[in-house]
Amino acid sequence: MSVPDYMQCAEDHQTALVVVQPMGIVPEDQFFRIYKRIASVSQVSIRDSQRVLFIRYRHHYPPENNEWGDFQTHRKVVGLISVTSCTTTKEWPQTSDRFQGQKEVFGSTLYDSRLLVFGLQGEVAEQQRTDVAFYPSYDDCPDVEKRVEDFVESIFIVLESKRLDRATDKSGDKIQLLCAPFEKKDFVGLDTDSRHYKKRCQGRMRKHVGDLCLQAGMLQDALVHYHMAVELLRSVNDFLWLGAALEGLCSASVIFHYPGGTAWKSGARKPGVSSAADAGKRHRPGAQEVLIDPGALTTNGISADTSTEIGRAKNCLSQEDIIEKYKEAISYYGKYKSAGVIELEACIKAVRVLAIQKRAREASECLQNVVYINLGQLSEEEKIQRYSVLSELYELIGFHRKSAFFKRVAAMQCVAPTIPEPGWKACYKLLLETLPGYSLSLDPKDFSKGTHRGWAAVQLRLLHELVYASRRMGNPGLSVRHLSFLLKKEVTQSLENYTSKCPGGMEVISLPDGLKLPPVSFTKLPIVRSVSLLNLPVSLRPHKVKGLLGQGMSSASPFIYSPITMHSRGDERSKKIDFQWVQGDVCEVQLMVYNPMPFELRVENMGLLTSGVDFESLPAALSLPAESGLYPVTLVGVPRTAGNITINGYHTSVFGVSSDCLLEGLVGVKSSGCMVEVVPSLPRLQLCTSLPRSAHLSSEDLSTSVSLRLFNGEMQQLTITLENIGTETLNTLELTSKNLSTKEKLFGEFLTWDLQDALSHLPLKSGQSVSIPVNISAKLDFSGQENLLHDLNDDGISVTGLPVSSPLRQVLKPRAENKPVGSDASKNEFNHVKMLEAVLTFKYSGGAGQVEGYSRELSLGVRVDVEPSVFFTRVSTLPATSTRQCHLLLDVFNSTEHELTLSAKNNQDLVLHASECQRYTHTHTQTPPSLTVRRHYLTLSSTDSSPFHESYSHEPELQRVTLSDFHSASERQTHTHTLTVSAYTSQLVFDASL
């Protein structure tokens with residue numbers, strides 16, 4: 001016997017073996033469909049009897065195994081069912097002859113046979129035959145199961161007759177010697193008249209009768225015969241058959257103790273214990289009676305008290321004795337090299353019993369013995385089956401890693417070099433089944449449940465083998481999926497090579513056997529530590545109109561505050577951001593990531609995963625150095641509709657594998673919120689000015705800023721151009737200003753404009769622009785130089801008696817604590833620069849956002865550095881020579897670095913060089929004079945070409961000096977007069993007697 005049956009179990013000893021085989025050309029699918037229906041009749045209750053006959057079906061059975069039918073009757077083929085297709089009457093004779101030839105293969109042991117013919121109609125099909133059944137087609141055969149039941153009953157009749165013949169054999173000394181196939185040559189020439197030979201014959205026959213009783217459903221009689229056979233065979237040291245008798249005794253005891261069976265998929269077998277006992281009494285009145293109380297069985301057929309059970313059924317082995325007898329029988333089988341298959345199958349049966357008894361260590365020892373049983377030269381298919389069964393048995397006793405080891409060996413055997421056509425699909429399937437044993441899962445979610453389990457090196461090797469097997473199968477998609485688990489430095493190149501042919505995605509891969517491989521997301525390539533939603537730039541942020549702020553509030557409740565409502569929305573509000581995005585504008589989300597791998601990591605097609613509104617994600621690409629620190633990555637996108645948008649995660653493409661990484665599945669990610677409101681679209685303005693940009697003002701968050709430098713009293717025009725670069729039409733525009741310089745005393749308006757012309761161009765469509773002129777006027781008070789003002793009173797010169805001095809006089813009377821005006825210290829004091837700052841705010845709206853009450857603001861910062869120009873350091877008068885005239889003496893100081901020309905009405909112009917002070921005489925006639933200060937480059941003849949002249953090329957404003965409240969000389973009164981220089985707003989107070 002060279003072909004073991006790895007599916008053997010103890011309860012198979014009570015079954016009758018029936019072979020179902022196709023004959024001729026039969027479609028495989030049709031055959032197995034009929035075979036499945038036949039195999040459904042696994043047990044048949046015999047009519048007029050309480051016994052049950054169990055049937056074991058095989059669609060392939062080696063004829064050499066049938067030779068062991070005398071040694072163990074359950075190995076004998078007692079029934080044959082042939083399935084064939086026959087369409088014409090001419091084919092029938094050939095079909096009948098073929099059936100006869102098939103019966104001859106098992107002819108010596110067959111009890112009965114049947115032929116199922118499909119497709120034949122006519123006279124032949126109408127013949128009534130017990131051994132042949134005709135059916136029109138494979139779909140039209142309703143009574144197959146009924147015919148099989150009749151066939152089983154006929155087998156039982158023959159079986160029962162043989163049992164009775166052997167049990168009632170009175171031939172005495174002429175008992176036949178039953179032999180195993182390899183023993184026949186050993187018994188040639190033996191003395192058949194010796195007592196030893198006769199006992200051997202009696203013991204083997206008792207064992208054989210016990211097998212027949214067990215098959216016939218007479219469990220108690222079988223136990224009696226097995227005990228008698230053990231005693232007889234032990235006395236003559238017939239170890240091979242003694243082992244068979246002990247194994248039969250163990251099988252009968254297992255059937256009694258475990259009526260549910262010991263196989264993996266135990267059928268719902270009927271114990272039939274009491275009926276077997278009754279039948280034994282009925283057919284063998286002289287047999288030894290075995291007292292078994294059915295009440296000793298619990299609900300699952302196993303006695304709660306083993307000792308009590310043994311007392312009631314002394315011929316039935318206890319659960320502990322079953323294993324001991326199995327070990328004894330296996331040891332006897334081990335004495336015979338030709339009984340290796342019998343020994344192997346006995347070990348398998350014992351392991352299944354030990355698995356039920358939860359004795360895993362003893363079962364493991366028994367399986368270890370199976371590994372070392374030598375069965376000679378086995379085929380590759382037999383090796384695969386052997387290792388697979390060993391794996392399943394180890395799994396049955398809870399040795400998962402050992403089970404995975406043998407299953408992996410079976411997988412490697414499927415593609416052994418000696419196989420002409422390697423079975424890569426079978427290899428891949430077996431490798432997949434080894435994953436749980438090595439604590440390896442193909443579901444990425446299992447990796448975040450705890451610490452790493454299993455041997456990393458073995459897991460790595462197994463994944464490599466999966467990759468190779470899937471590639472040899474011709475399925476690169478599976479290779480990509482498995483390589484995703486091998487993200488080490490040595491496999492990245494392989495992964496890129498595979499993904500170049502078949503990109504990895506997020507779809508679930510379904511295998512033909514129903515196993516589904518979930519997608520693998522690279523949540524740690526790179527690792528994300530924080531996610532932050534960024535606000536829009538200042539110029540693009542939407543602002544809600546104050547009058548519409550309360551429109552969105554619900555008025556369903558009469559209460560101002562409801563703690564129940566606030567509590568129910570607490571979670572939602574904690575995730576929602578307190579700013580808004582705008583439909584159609586680019587929005588940003590910042591991720592802090594780092595690369596944990598020891599090599600440079602290239603991430604492509606990185607974008608956002610959102611829900612709630614239509615969102616167009618703009619992919620990004622980045623390259624992270626090996627083991628980098630935290631690195632900011634900004635992902636952008638454009639919401640195409642309004643509503644609440646939720647950032648669910650991000651997607652990446654690493655090594656050609658696309659991954660969807662959800663934030664809820666990331667560990668240790670910090671986020672300030674994932675939901676933000678998207679308001680309807682608004683127009684978008686771009687601001688340009690006639691002046692170059694400058695650094696923003698430190699005190700304001702502005703869109704842009706400009707700066708310039710003016711002399712005190714100078715005016716300059718700034719042209720602002722607004723262009724609608726958005727898609728929405730601009731409908732409203734407002735302009736306001738805010739002065740930031742609060743310490744300086746300002747005369748007049750700093751910024752002035754006329755918005756009517758710009759408003760006339762509204763609505764402003766996309767691509768159109770409008771210009772707004774803004775006048776900048778710098779008029780500050782530089783009269784803070786108190787040392788100069790004191791000169792009016794402390795110079796020791798009478799106002800009325802001031803001598804006429806030369807027009808070129810520059811030297812004033814020095815004071816003890818002051819330096820001359822022309823000195824460097826005085827010059828620096830006059831050059832003090834003051835600063836003016838203001839913000840121009842353009843508020844505009846349009847499109848769908850205007851309907852919802854939203855607008856935008858665009859801010860322009862204006863900074864002006866104001867330099868002093870002309871100071872009047874001294875004012876005095878001369879005695880009037882006429883009642884219609886008075887003479888005013890002014891000491892004028894040029895604090896700039898340029899030449900200036902001082903002009904007054906009806907007076908000669910006065911030229912002042914840089915940092916020069918001169919006395920200017922003005923004759924006042926009837927009305928107050930008007931003085932004008934003009935920038936020098938309008939009248940300068942040649943030499944000065946400083947940048948000052950190039951910076952301002954517009955027409956300068958004439959700056960007037962007005963003397964007011966002068967009275968006629970005839971009044972002879974003393975008044976206090978104020979000299980007001982409108983261009984500089986410097987005020988000098990003096991006494992004048994007119």
Side-chain angles (χ1 to χ4, degrees), residues 781-822 826 829-830 868-895 900 902-912 915-933 959-994:
D781 182 7
F782 279 86
S783 61
Q785 281 71 15
E786 299 296 337
N787 58 329
L788 297 176
L789 300 180
H790 287 308
D791 287 345
L792 290 173
N793 300 321
D794 299 340
D795 57 0
I797 302 175
S798 173
V799 176
T800 57
L802 183 65
V804 179
S805 59
S806 168
L808 300 177
R809 177 184 177 189
Q810 296 183 4
V811 182
L812 302 177
K813 182 180 178 181
R815 298 176 56 188
E817 67 274 12
N818 293 322
K819 294 182 180 180
V821 177
S826 179
E829 192 170 8
F830 285 123
S869 54
V870 175
F871 285 96
F872 292 87
T873 61
R874 176 174 296 187
V875 180
S876 60
T877 59
L878 292 177
T881 58
S882 171
T883 58
R884 305 298 299 173
Q885 292 182 341
C886 66
H887 301 281
L888 182 65
L889 300 180
L890 302 173
D891 285 353
V892 184
F893 175 68
N894 178 11
S895 63
L900 297 180
L902 182 65
S903 301
K905 187 177 181 181
N906 300 326
N907 282 82
Q908 184 180 2
D909 294 344
L910 178 64
V911 178
L912 294 175
S915 303
E916 181 184 16
C917 181
Q918 292 190 24
R919 177 159 293 181
Y920 179 74
T921 303
H922 178 72
T923 302
H924 172 62
T925 304
Q926 198 172 16
T927 59
S930 178
L931 300 180
T932 301
V933 178
Q959 304 168 357
R960 300 184 176 276
V961 180
T962 304
L963 296 176
S964 59
D965 298 331
F966 276 86
H967 293 267
S968 63
S970 59
E971 295 179 358
R972 300 295 181 179
Q973 296 179 355
T974 301
H975 301 275
T976 300
H977 295 280
T978 301
L979 174 64
T980 301
V981 183
S982 60
Y984 321 119
T985 64
S986 298
Q987 297 181 346
L988 303 177
V989 182
F990 63 94
D991 293 333
S993 298
L994 300 179

Minimum heavy-atom distance S869-S895, with the two atoms named: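 In this case the closest contact between S869 and S895 is O-OG, 2.9 Å.
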Heavy-atom closest contact (V911 atom, Q918 atom, distance):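 Looks like O-NE2, 3.3 Å.
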S915 OG to N894 CG distance, which is reported to the nearest 0.5 Å: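 Between S915 OG and N894 CG, I get 6.5 Å after rounding to 0.5 Å.
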The single option from D891, V892, L910 passing side-chain contact (heavy atoms from CB on, under 4.5 Å) against R919: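 Answer after filtering D891, V892, L910: D891.
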